[in-house]
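Here the structure is a predicted model, which means the values were calculated and not measured. Quick note on labels: first sequence line is chain A, next is B, and so on, each numbered from 1.
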2 protein chains.
Amino acid sequence: MEYQQAKERFIQTWGTLGAQWGINRTMAQVHALLLISPKSLTTDDVMEELGVSRGNANMNLRGLVDWGLVYRDMQKGDRKDYFRAEKDLWVVAKRIADERKKRELDTVKDQLTILKQVEGNSPEVEEFKKVIKDIDNVTSQALQVLGMMTSAADNFLMKTIRKLKG
Amino acid sequence: MEYQQAKERFIQTWGTLGAQWGINRTMAQVHALLLISPKSLTTDDVMEELGVSRGNANMNLRGLVDWGLVYRDMQKGDRKDYFRAEKDLWVVAKRIADERKKRELDTVKDQLTILKQVEGNSPEVEEFKKVIKDIDNVTSQALQVLGMMTSAADNFLMKTIRKLKG
DNA sequence: TTTAATTTTCAATAATTTCTGAAAATAAAT
DNA sequence: ATTTATTTTCAGAAATTATTGAAAATTAAA
């Protein structure tokens, strides 16, 4: 397969995946573009490569910087901002997992704490309490597994898996 | 907190969470409603409780059945369909994880296989190959961890975590 | 059959999200 | 200070996604 074709396909795939993960399509495509780029890119590069407006490119680049997935560089003798992706995919995975954990699991845990205090002992309330308790258990353990993954690089579990994988 | 209040709050929270996970809001709310309901509910119950149209209730109930999160029952002497949620939260977690794995990680792996075959040795192509290889590594290992989670109930890791948790 | 109850579909509409592009703000050079 | 280069913002437009509701299809009783 030719590089140009492979590149377009990769950007497309990563964009679709991002959309499924709740990151918007363009942001994921910008990320893909930067990931495979050997050098830093400007806003104009992104606009041209992806065919999006300046506003759109700017917003999504900033979004990626907020997520910690992209860095903003300066280059001597040039007033433009240059953008460069974090290339360590384990760091990328960790950043994404951390952000999602913060946004999702943590808020659920907070809500559960409040919901545990429901009053009464009708069948409805008993069922409710049971479900809340079960969700609490599952999320606690999910959080622990996530915690392991997010410190994956030097975690015994990951080392084991890597070793097994050979 | 009063039951009615807690119930509304729970449905609301679960709906928001679902939206973040790419499941649509109403589907997640229907799921929440069924989760905390001690008895099976009809389409009309769902319409009334959530204030949604028949079409919407029907589509989302069917969606939940497709995900394996809800079962469709018959009740003797009644022509209506009754819906009942899977109550084992570990099964719920497994079903969701399986579905997401199938939809997301598996397709990425397929794409990577194709993209590995890119030709050339320019800096761009070298960088591209490296990124593809890294993504391949990360997803392989993510798939393995997911695999562990999805057989969580009787997995050594989960048992260990549960034990640690007390 | 025919009738009645229920579920499913889907075109039209509503709601939400994303994108554009030009104006405003910022920052650097002259 | 003024000009020039660049980034940011944001109201409106476009695109996407979700919802309605009524008609069509299905299913079971009469």
With sequence neighbours left out, write down each residue that passes salt bridge (charged side-chain N to carboxylate O under 4.0 Å, His left out) with [X], or none if nothing qualifies.
{"X": "A/R72", "result": "A/D81"}
{"X": "A/K116", "result": "A/D136"}
{"X": "A/D88", "result": "none"}
{"X": "A/E127", "result": "B/K87"}

So, using ring-ring contact (aromatic ring centres under 6.0 Å, His included) as the criterion, who are the partners of A/F83 when residues are at least two apart?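 Not a single residue meets the ring-ring contact (aromatic ring centres under 6.0 Å, His included) criterion with A/F83.
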Under the ring-ring contact (aromatic ring centres under 6.0 Å, His included) rule, what pairs show up with a residue in residues 49-77 of chain A, not counting sequence neighbours?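 Listed by first then second residue: nothing to list.
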Hey, could you give me each pair passing ring-ring contact (aromatic ring centres under 6.0 Å, His included) that has a residue in residues 96-131 of chain A? Not counting sequence neighbours.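 Only A/F128-B/Y3, A/F128-B/F10 qualify under ring-ring contact (aromatic ring centres under 6.0 Å, His included).
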In Å and rounded to the nearest 0.5 Å, what is the [atom1] to [atom2] distance from [X] to [Y]?
{"X": "A/L17", "Y": "B/E104", "atom1": "CG", "atom2": "CD", "value": "6.0 Å"}
{"X": "A/T16", "Y": "A/R25", "atom1": "OG1", "atom2": "CZ", "value": "4.5 Å"}
{"X": "B/I23", "Y": "B/H31", "atom1": "CD1", "atom2": "NE2", "value": "8.5 Å"}

Please list, by residue number, the residues of residues 23-49 of chain A whose heavy atoms come closer than 4.0 Å to an atom of DNA chain D; answer none if no residue qualifies.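 Going residue by residue through residues 23-49 of chain A, none turns out to have a heavy atom under 4.0 Å of DNA chain D.
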Contacting residues from residues 51-62 of chain B, given that a heavy atom lies under 4.0 angstrom of DNA chain D: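 Heavy-atom contacts with DNA chain D come from B/G51, B/V52, B/S53, B/G55, B/N56.
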With heavy atoms of chain A within less than 4.0 Å as the criterion, where does contact along DNA chain C begin and end?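 Using the under 4.0 Å cut-off, the span is C/dT18 to C/dA29.
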Got a sec, which residues hit side-chain hydrogen bond (donor to acceptor under 3.5 Å, both in side chains) with B/D44, two or more places apart in sequence or on another chain?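 Partners of B/D44 under the side-chain hydrogen bond (donor to acceptor under 3.5 Å, both in side chains) test: B/R54.
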Quick check against the 3.5 Å criterion: does A/S37 have a side-chain atom that pairs as donor or acceptor with the backbone of A/L33?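 No: the side chain of A/S37 does not pair with the backbone of A/L33.
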Could you list, one pair per line, each protein nitrogen or oxygen that sits under 3.5 Å from a nitrogen or oxygen of nucleotides 26-30 of chain D, together with the distance?
| unit_1 | atom_1 | unit_2 | atom_2 | d |
| --- | --- | --- | --- | --- |
| D/dT27 | O2 | B/R79 | NH2 | 3.3 |

